[in-house]
Structures are given as C-alpha cells and as structure tokens.
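Here you go, one structure.
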Amino acid sequence: MKNSRRKFLHHSGLAIAGSSLAFPHILSAKNWKVAPSDQVNVGLIGCRQRGFAVLKDHLTMPEVNCVAICDVDENVLNEKKAELKDKYNQDPKVYLDFRKLLEQKDIDAVIIGTPDHWHCLPSVYACQAGKDVYVEKPMANSIAECDLMVAAANKYNRIVQVGQQQRSGEVWNAAMKEIWSGKLGKLRRANIWANFNYGLGPKKVSDTPAPNGVDYDFWLGPAATLPFNDSRFHGSWRFFWDYGGGLMTDWGVHLIDMALWARKIETPPKSVLASGTHGEFSDRSTETFNTMSVLFPMEDDYLIQWEHTAGTQNGPYGRLYGIAFVGENGTLVADRRGWEIYPEWDNAKKANKIEESKFNSEANSTVLHAQDFVNCIKTREQPSCNAEVGRNVALYAHFANIALRSGAYKLNWDVGKGKFDHKAANKFITPKYRSPWELPKAV
Ligand SMILES: NC(=O)c1ccc[n+]([C@@H]2O[C@H](COP(=O)([O-])OP(=O)(O)OC[C@H]3O[C@@H](n4cnc5c(N)ncnc54)[C@H](O)[C@@H]3O)[C@@H](O)[C@H]2O)c1
C-alpha cells in the first residue's frame, strides 16, 4: 500500500493535533463522536446542482467534514455556504479559484461538480496536490483529457472515484450477479435507450451581460470566448460541444457502463457506427444531437446498441430509459429502480427456459457511491468506479459523438496509436485550450 494511513493523516492535518482550537471544524456537532484520525475533510469545486447533491451524500457520513467550497458564481457560493451552516453545521472556507482551494492543507479529498469541460484540470491539479478525487461523470469532455486524468491518478497514487453511481447501486449489482450466474445463458446484446424531454435543450434566448457575481471568463476557462448566453450556462451547457456532449455523454456513460460491466469489458471499442440528427427546433438552442443510434460491435458475439430521442419520454418495456440485456435464455430489462427477467420459450419442452424474476431497490446509489469513495480513501483500495473505468466508458460516448461530428459514421480505433482511421475524427481527440489555460502534455 503506497499511501499509508499515516500519510492520509498527515494530509488531513489531523495527526499532529486533535486540538479543536487548531481545527475548529472538529467541534461541529456532527463530528464530536468521531475520532480525529477517522475524519475525512472534503472540499467541493462546482457547487450548484450535482456537486452540492454529492457533497450532501458525503455529509450523511459522520466522519466527513466539508472544509472548503469553490465556485466561479458568487451567488451559488453564498447560497451553499449559508445552507451548509444552517442545515449541516459546516463552516467551510470559500474560494472563487479552485487552485487556491487546492492549497488548503487540511483537505483530504475534493468533489468536482463543475461542467464537463472543467473536470480535467481540477482533477489533475488535485492529484498533484495529494488530494483524492470524486469527479462527476462523464470523466471529461475529450479523449485526451480522460487519458491525462488516469495518468495523474496513477502517478500520484490518488483514489479517484468517477460519479457513475450505478456501479455502487443495489439494482445494478444484483443485475450483474444474475447475468454472471449464467442464468440468461450467453449474453448476446445490450440494447440501451435514453429518451428524455430535457434532451431537447434550453429555450433560445438573446445574449446578455453575465449576471453580477459570475466570473464568466473563468466559467469558460479553456473553452473558446463567446458572449454570455443563459442558454449555454448553468445546467444547459451540456448541449454545447465546448462544454458537454448532449444525451450521448450525459446518460451514455451511465448506461453503456452497465453493458460493459455485464461482460467485464475494460477496453475501448475497436469500432463504432453512429447515425443521427441534430434536428431543427426553432425555439431551442443546442449543438449536440437530438436523435442518435449507435452500434458497438464487440468481440465474442456481443453487440451494444444505443439510441436516444430527445424530447420524448417513452421507450421499450414502458421505460423512458433502460437496458435490455438479451441472453440466450431470457432478457433482463433494467433501469435504476429495478429489473425483471423475460424468459425465452422452449418449444421442445413447452416451457420457459428460465424462471421469471424481479428485483427492486429504493437504496440511494449515490450515497453508496460516496461511502465507497470515503472507505477507499481510508483503505487505499480501488473504488467501484475508478479512473480506468470512468475513462473507458467515456471513450465509448465520445467515439459515438465523434463518428457523427466528423461525418465518418463508422470509425475504427487503433488502441496502440490512440487514433482513429479517419483524419477529421482525429481532430476531436485533443481539445484546443484557450490561453492562459493549458492541457498538460504529461502529468
Ligand atoms: N452522476 C449523475 O447522476 C449526475 C447528475 C447530474 C449531473 N452530473 C454531472 O455533474 C456535473 C455538474 O452538473 P450540474 O448539472 O450540477 O451543472 P451546473 O451547471 O448546475 O453546476 C456547475 C457548477 O460549477 C460551477 N463552475 C463552473 N466552472 C467552475 C470552475 N472552474 N470552478 C468552480 N466552479 C465552477 C458553476 O458556476 C456551477 O455552479 C457535470 O459533469 C454533470 O455531467 C452527474
């Protein structure tokens, strides 16, 4: 174990004291029963929706303290600071620049809840600063950024948990157990669909000055300079290529991950076939694809199929999103609430090939995912969705978008060279960072 418990204590700044004067957060009501050596101090970077939700999930654990929060929107920062004080008895330091937060010595781990284009640099710098990282999904907004984040996690021996909470969820763990038991027979296909109204994107609005308290240039960060427009800002950035990848990355990394896990696949696809449309909705402002169908032909007679139709909320088996794991003996259909098995019919025996069964769970998978992360911070074991897992599935989603954006429709990936067999597609591998931000060549 390269990173010993002692080092963990050293990073947390708690080994030398136990003095509540030196570490006032230890006085907080939720923590006085937890030995200082067992406490985990976290900082949150990107506080609005998901980041704050993930922080709250961490705060369900008595050993977790929130000692710092950072956002480029002061309005968000002030609101979350007040909520943390009033409802969670936490008194974090506040920052507008994540690099300053990373200098705070008593932080053991950071939670990164920024838009996708702002996942890479905070993660890499956090690893370099000796902090463990919970970074939201998709791991990053490009292939090269994902690679760099894996390299940083490995080089600095950091625990990195990517926010694909389904890996920790009861529903999906039970589904995997069922599939791996062999009951379904050989798993031949995973049909995945994700239909969401929100996928159509925000309503078109005119450019305006950025709201007071927002450091818009910092929000853009490595992305190109553009005038402020609310339809590209909080929450809605996910429909613009500079910041996100639309439904393909938003939901693709959650669901394709399950199709990979079911067959224990840990490598990127060798090829991808994608088609789709952007669709012209005159009142909507988006760049990403509204409708997509994607095929990943895998080895050993396995096919992963993805489809989404933004602006609809129906899908197969009465589920707006889900996966049908198609096996020789039956199909297991799952979403986050549960799954059921539809058996194949045996003509000779005049009976179902296997028994019908169902599984449901109300357990909060994000809380379980946070618990897994905090446990791994202490044990230095690998979490359920480590950097490699997060990178691998992010590549599937990015490959699909790139196949369509480049006009190639079919792409082959050379793992050794880290390149596609298509010139235009290769241009999407590494994003161009806007100065003064630089994508490091190595970590
Ligand atoms: N795991 C899940 O189920 C799940 C669900 C929703 C969102 N997400 C992911 O969570 C992330 C955040 O999504 P969201 O919907 O909360 O976005 P959001 O726009 O609501 O919040 C992002 C916050 O980050 C801040 N921010 C932007 N750049 C920053 C910077 N450089 N430093 C500090 N703060 C910065 C913004 O001001 C904003 O407050 C995304 O990566 C998204 O894909 C995951």
Side-chain angles (χ1 to χ4, degrees), residues 43-57 68-81 94-102 110-123 125-126 133-141 145-146 149 161-169 172 194 196 198 202 210-211 213-223 228 230-240 242-255 257 288 321 336 364-370 373 384-385 390 393-394 397 433-434 437:
L44 172 63
I45 302 171
C47 304
R48 192 170 165 268
Q49 300 264 33
R50 184 65 183 176
F52 200 66
V54 171
L55 173 65
K56 288 195 285 185
D57 290 335
I69 59 174
C70 168
D71 205 288
V72 294
D73 183 342
E74 264 184 283
N75 311 298
V76 172
L77 206 50
N78 293 338
E79 182 195 314
K80 301 307 182 193
K81 161 104 177 153
V94 293
Y95 297 91
L96 294 163
D97 185 332
F98 69 89
R99 294 167 297 187
K100 293 280 172 220
L101 178 147
L102 293 174
V110 291
I111 298 165
I112 299 175
T114 47
D116 305 353
H117 72 293
W118 256 127
H119 285 183
C120 179
L121 287 187
S123 297
Y125 294 170
V133 176
Y134 185 117
V135 59
E136 258 312 335
K137 52 50 55 179
M139 191 176 191
N141 202 30
E145 289 172 308
C146 289
M149 289 160 78
Q161 174 87 299
V162 182
Q164 288 153 218
Q165 65 273 14
Q166 291 181 183
R167 283 261 171 177
S168 299
W172 302 96
F196 293 96
Y198 86 89
V214 171
D215 186 341
Y216 176 57
D217 191 64
F218 207 149
W219 187 94
L220 286 170
F228 180 86
D230 198 51
S231 72
R232 288 191 297 263
F233 191 47
H234 286 332
S236 304
W237 49 263
R238 39 180 46 81
F239 304 104
F240 299 87
D242 279 355
Y243 329 117
L247 279 182
M248 187 68 244
T249 52
D250 224 24
W251 272 86
V253 293
H254 283 306
L255 298 175
D257 189 31
T288 53
Y321 72 93
R336 287 177 175 176
N364 182 330
S365 53
T366 315
V367 170
L368 295 171
H369 210 47
F373 177 53
S384 65
C385 190
V393 70
Y433 270 29
R434 181 176 64 111
W437 301 103

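Just follow the structure's listing: the first ligand is 1, and inside any ligand the first atom is 1.
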Exercise. So, are D250 and K137 salt-bridged, with charged N and O less than 4.0 Å apart?
Worked result: yes

Problem set entry | Ring geometry between Y125 and F98 (parallel below 30°, tilted from 30 to 60°, perpendicular above 60°) | parallel

For this session: With rounding to the nearest 0.5 Å, note down the distance linking CG in L44 to CG in L77.
Result: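 L44 atom CG to L77 atom CG measures 9.5 Å (nearest 0.5 Å).
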
For this session: Identify, by atom number and element, the atoms of ligand 1 in contact range of G113, meaning under 4.0 Å from any of its heavy atoms.
Result: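 Matching atoms, with element in brackets: 11 (C), 12 (C), 22 (C), 23 (C), 24 (O).
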
For this session: Taking all heavy atoms of Y321 and all of A194, pick out the closest pair and write down the distance.
Result: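 Smallest interatomic distance, heavy atoms only, reads CB-CA, 3.8 Å.
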
Seminar exercise, completed: With heavy atoms and a 4.0 Å threshold, my read on which part of D250 contacts ligand 1 is side chain

Exercise. Within the structure, does P115 bring an N/O atom to less than 3.5 angstrom of an N/O atom in ligand 1?
Worked result: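 No, no N or O pair falls under 3.5 Å.
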
For this session: Start with the C-alpha distance between V393 and Q164, add both sets of side-chain angles, then the distance that settles side chain to side chain contact (heavy atoms under 4.5 Å, CB included), and finish with yes or no.
Result: CA-CA 10 Å; V393 70; Q164 288 153 218; 3.4 Å; yes

Problem set entry | Test item, Q164 contacting ligand 1 (heavy atom, 4.0 angstrom) |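 Not so, Q164 does not reach ligand 1.
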
Exercise. CE of M149 to NE2 of H119: how many Å apart, nearest 0.5 Å?
Worked result: 7.0 Å

Exercise. Which of the numbered atoms in ligand 1 are below 4.0 angstrom from a heavy atom of H254?
Worked result: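 Near H254, meaning under 4.0 Å from one of its heavy atoms, ligand 1 has 1 (N), 2 (C), 3 (O).
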
Exercise. How far is atom 10 (O) of ligand 1 from its nearest protein heavy atom, and which residue and atom name does that atom have?
Worked result: E136 CG, 3.2 Å

Exercise. Are K80 and D73 close enough for a salt bridge, meaning some N to O gap below 4.0 Å?
Worked result: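 Judged by the 4.0 Å cut-off on N to carboxylate O distance, K80 and D73 do not form a salt bridge.
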
Exercise. At what distance is the nearest protein heavy atom to atom 30 (C) of ligand 1, and which residue and atom is it?
Worked result: V72 CG1, 3.6 Å

Problem set entry | Distance-only N or O hit between ligand 1 and G163, under 3.5 Å | yes

For this session: Could you tell me how the ring of Y134 sits relative to the ring of H369: parallel (under 30°), tilted (30 to 60°) or perpendicular (over 60°)?
Result: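 Ring orientation of Y134 relative to H369: perpendicular.
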
Problem set entry | Side chain, backbone, both or neither: the part of K137 lying under 4.0 Å from ligand 1 by heavy atom | both

For this session: With rounding to the nearest 0.5 Å, note down the distance linking CD in Q165 to OG in S384.
Result: 10.0 Å

For this session: May I ask you to test the Y198-R238 pair for a side-chain heavy-atom distance under 4.5 Å?
Result: yes

For this session: From the options D73, I69, D71, select the one whose nearest heavy atom is closest to atom 36 (C) of ligand 1.
Result: D71

Exercise. Where does R48 meet ligand 1, judged by heavy-atom distances below 4.0 Å: at the side chain, the backbone, both, or neither?
Worked result: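 The answer is both, backbone and side chain.
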
Exercise. Which protein heavy atom lies closest to atom 11 (C) of ligand 1, and at what distance to 0.1 Å?
Worked result: T114 O, 3.3 Å

Exercise. Is there a donor-acceptor contact under 3.5 Å from the side chain of H117 to the main chain of N141?
Worked result: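 Between the backbone of N141 and the side chain of H117 there is no qualifying donor-acceptor contact (under 3.5 Å).
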
For this session: Considering the heavy atoms of G235, write down every atom of ligand 1 situated less than 4.0 Å from one of them.
Result: 18 (P), 19 (O), 20 (O)

Problem set entry | R238, H369, R50, Q49: member with heavy atom nearest to atom 4 (C) of ligand 1 | R50

For this session: Under 4.0 Å, heavy atoms only, figure out whether ligand 1 is touched by the backbone of F233, its side chain, both or neither.
Result: neither

Exercise. Should you measure from each heavy atom of Q165, which atoms of ligand 1 turn up under 4.0 Å away?
Worked result: 1 (N), 2 (C), 3 (O)

Exercise. With sequence neighbours left out, what residues match R48 under side chain to side chain contact (heavy atoms under 4.5 Å, CB included)?
Worked result: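 Residues passing side chain to side chain contact (heavy atoms under 4.5 Å, CB included) with R48: V76, H234.
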
For this session: Identify, for atom 28 (N) of ligand 1, the protein heavy atom at the shortest distance, and state residue, atom and that distance.
Result: W118 CD1, 3.4 Å

For this session: With heavy atoms of W237 as the reference, note each atom of ligand 1 found under 4.0 Å away.
Result: 13 (O), 17 (O), 18 (P), 19 (O), 40 (C), 42 (C), 43 (O)

Exercise. Should F52 be listed as contacting ligand 1, given a heavy-atom distance under 4.0 Å as the test?
Worked result: no

Exercise. Does ligand 1 have any atom that is closer than 4.0 Å to a heavy atom of G221?
Worked result: no

For this session: Provide, to 0.1 Å, the distance between atom 24 (O) of ligand 1 and the closest protein heavy atom, together with that atom's residue and name.
Result: G46 CA, 3.4 Å

For this session: Decide if the gap between the ring center of Y243 and the ring center of W219 is smaller than 6.0 angstrom.
Result: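 Between W219 and Y243, which both carry aromatic rings, the centre distance is below 6.0 Å.
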
